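I have placed the structure first, in the form of structure tokens, so that the comments after it can refer back to it.
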Amino acid sequence: MSARPEPRPGVLKIDAYVPGKSKAAGVAKIHKLSSNETPLGPSPKAIEALRTFDHLEHYPDGTATQLREAIAAKYGLDPHRIICGSGSDELLSLITSTYVGPGDEGLFTEHGFLVYRIAVLAAGGVPVVAEEKNYRADVDAILAKVTPRTKIVFLANPNNPTGTYLPFDEVKRLHAGLPSHVVLVLDAAYAEYVRRNDYEAGLELVATAENVVMTRTFSKIYGLANLRIGWMVAPAHIIDAVNRIRGPFNVNGPAIAAGVAAIQDEAHIAKAIEHNETWLAWLTRELEALGLKVTPSVGNFLLIHFPQEEGRTAKDADAFLTSRGLILRRIEAYGLPHALRLTIGDEEANRLVVSTLREFLGKGDHA
Ligand SMILES: *Cc1c(COP(=O)(O)O)cnc(C)c1O
């Protein structure tokens with residue numbers, strides 16, 4: 001007998017999620033480019049909705065009706081097939097604990113989002129990892145890892161931190177290859193940013209299959225990360241099951257009000273998309289011109305690979321950038337010790353990243 005309470009098996013195997021840094025000692029101006037937040041901030045209408053929110057003494061609407069209806073109207077969905085959450089992270093955990101129990105397997109890709117592993121271990125399940133090809137999810141490798149114990153498969157599309165994506169044909173091939181009792185979670189946190197004809201977030205698949213769930217977030221293009229709002233759309237039977245374990249007031253009133261205002265502000269979203277298109281392309285070009293390898297991204301961030309020579313590593317680059325107030329994300333925890341993830345920032349930050357890296361690489365004199 002233990003002398004003190006012991007966590008369930010699996011819990012202590014979890015490496016707690018470490019958020020991106022937001023501070024650099026002794027630097028006057030910080031550019032936080034470590035958590036894929038938008039440099040444009042939220043819609044002014046969302047800020048106004050927060051400012052005028054009243055009655056904090058009242059419990060929120062436990063099913064976030066207004067927000068579900070606003071989301072449904074935007075995407076042509078049935079509001080009854082939507083659940084809102086305290087960030088999509090909460091929904092990823094809820095879906096996992098609904099379908100994964102001790103010994104069950106949860107499958108995701110080599111450089112997939114860290115929350116999947118945490119959610120599977122927290123539910124007592126076994127995380128199973130499928131290799132990627134060229135930093136991209138590989139449908140055949142995922143299908144090869146499916147066993148009779150597999151209960152859930154997570155696909156971030158586009159993926160964080162790699163920025164790569166699977167065309168919708170490949171997503172459909174993945175779904176077709178999975179046993180029908182396996183839940184396929186399409187995490188489309190960055191869907192709004194993608195400008196590719198062969199990409200679809202997958203709403204069509206959610207609508208027609210019995211085992212596909214999509215999660216979305218207000219934390220990225222909508223600029224509301226601090227309010228913690230996510231949503232999922234799923235078949236009715238999954239919605240019913242997840243609602244049984246969801247906390248009754250998991251999304252707060254100010255978040256609901258701001259989310260409704262944000263999703264209706266099409267002009268603000270268009271501005272964010274345009275900003276990203278311009279600077280994603282510019283940064284990719286400029287960083288490649290410095291001789292760095294950059295994985296082509298469709299999101300609002302870039303995976304930058306550094307040489308493994310002394311003085312020029314990702315770790316060295318991170319220290320140099322941080323000393324200049326540029327905070328990127330180190331991603332050893334994602335199995336990528338030789339790369340940094342850069343969030344697309346405002347013009348000043350983007351230009352500063354390139355000039356600082358030019359200096360770091362010692363190309364300042366003869367560039
Ligand atoms: C940022 C991110 C999320 C969103 O998290 P929230 O909890 O909604 O803030 C989900 N999935 C991926 C892959 C992400 O990068």
Side-chain angles (χ1 to χ4, degrees), residues 16-20 22 32-39 41-42 46 64 67 71 82-96 106-120 122 129 132 135-137 152-166 171 184-194 199 201-202 213-233 242 246-247 250-252 255-256 258-259 262-263 272 276 295 297-303 328-329 331 333-336 341-344:
Y17 187 89
V18 181
S22 56
K32 184 170 186 275
L33 307 168
S34 58
S35 300
N36 297 347
E37 296 147 345
T38 171
L67 185 53
I71 294 164
I82 296 171
I83 295 179
C84 294
S86 174
S88 46
D89 285 353
E90 184 195 24
L91 299 168
L92 293 166
S93 296
L94 287 175
I95 300 161
T96 308
L107 182 41
F108 47 87
T109 67
E110 192 180 351
H111 305 299
F113 190 42
L114 282 179
V115 167
Y116 310 148
R117 170 184 296 278
I118 295 174
V120 171
V129 177
E132 297 183 4
Y135 304 103
R136 201 184 85 155
I152 196 164
V153 174
F154 298 93
L155 180 73
N157 199 27
N159 185 51
N160 168 22
T162 53
T164 57
Y165 76 105
L166 281 190
V171 177
L184 173 61
V185 179
L186 303 175
D187 176 349
Y190 301 94
E192 294 86 352
Y193 284 114
V194 186
Y199 175 81
V213 176
M214 178 183 299
T215 58
R216 304 288 288 254
T217 185
F218 281 79
S219 301
K220 302 290 156 55
I221 203 163
Y222 289 103
L224 295 173
N226 208 322
L227 284 181
R228 313 301 306 126
I229 320 169
W231 57 279
M232 61 177 260
V233 51
V242 172
R246 177 177 66 81
N250 61 328
V251 183
N252 66 72
I256 293 169
I263 204 167
N276 199 63
T295 299
S297 170
V298 295
N300 70 328
F301 54 91
L302 278 173
L303 187 64
L328 278 67
R329 183 65 162 265
I331 42 181
Y334 286 92
L336 296 164
R341 191 191 66 198
L342 166 69
T343 303
I344 309 306

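Note that these values count all heavy atoms, side chains included, but never hydrogens, waters or copies made by symmetry. When a ligand or atom number is given, it counts from 1 through the structure's own listing order. The shown structure was predicted, so the numbers you read here are calculated from the model rather than taken from an experiment.
Arg228 counts as a contact of ligand 1, since one of its heavy atoms falls under 4.0 Å from the ligand. Residue contacts with ligand 1: Tyr190 is included, with a non-hydrogen atom under 4.0 Å away. Heavy atoms of Ala189 come nearer than 4.0 angstrom to ligand 1 in at least one pair.
Judged by distance alone, the side chains of Thr164 and Asn159 never bring a donor and an acceptor atom under 3.5 Å apart.
Looking at Glu37, its side chain never comes within 3.5 Å of a backbone N or O of Ser219 through a donor-acceptor pair.
Every atom of ligand 1 is numbered from 1 in the order shown, and the set under 4.0 Å from a heavy atom of Gly87 is 6 (P), 7 (O), 8 (O). Every atom of ligand 1 with a heavy atom of Ser219 under 4.0 Å away is listed here by number and element: 6 (P), 8 (O), 9 (O). Atoms of ligand 1 lying under 4.0 Å from at least one heavy atom of Asn160, given by number and element, are 13 (C), 14 (C), 15 (O). The ligand atoms of ligand 1 that sit less than 4.0 angstrom from a heavy atom of Lys220 are 1 (C), 2 (C), 3 (C), 4 (C), 14 (C), 15 (O).
Ring geometry, Tyr116 versus Phe113: the interplanar angle exceeds 60°, so the pair is classed perpendicular (tilted spans 30 to 60°).
Here's the thing with Tyr116: none of its N/O atoms is less than 3.5 angstrom from an N/O atom of ligand 1. On a distance-only criterion, Asn36 and ligand 1 share no N/O pair closer than 3.5 Å.
The CG atom of Asn36 sits 4.0 Å away from the OG1 atom of Thr343 when rounded to the nearest 0.5 Å. Atoms CD and NZ, on Glu192 and Lys220 in that order, are 10.0 Å from each other to the nearest 0.5 Å.
Both the backbone and the side chain of Asp89 come within 4.0 Å of ligand 1, counting heavy atoms alone.
Comparing Thr217, Asn226, Asp187 against atom 11 (N) of ligand 1, the shortest heavy-atom distance belongs to Asp187. In this structure, of Gly112, Ala156, Ser88, Gly230, the residue bringing a heavy atom nearest to atom 4 (C) of ligand 1 is Ser88.
If you look at Phe301 and Tyr190, their ring centroids are closer than 6.0 Å.
Salt-bridge check for Glu90 with Arg228: failed, with every basic side-chain N at 4.0 Å or more from each acidic carboxylate O.
The closest side-chain heavy-atom distance from Ser88 to Arg216 is not below 4.5 Å.
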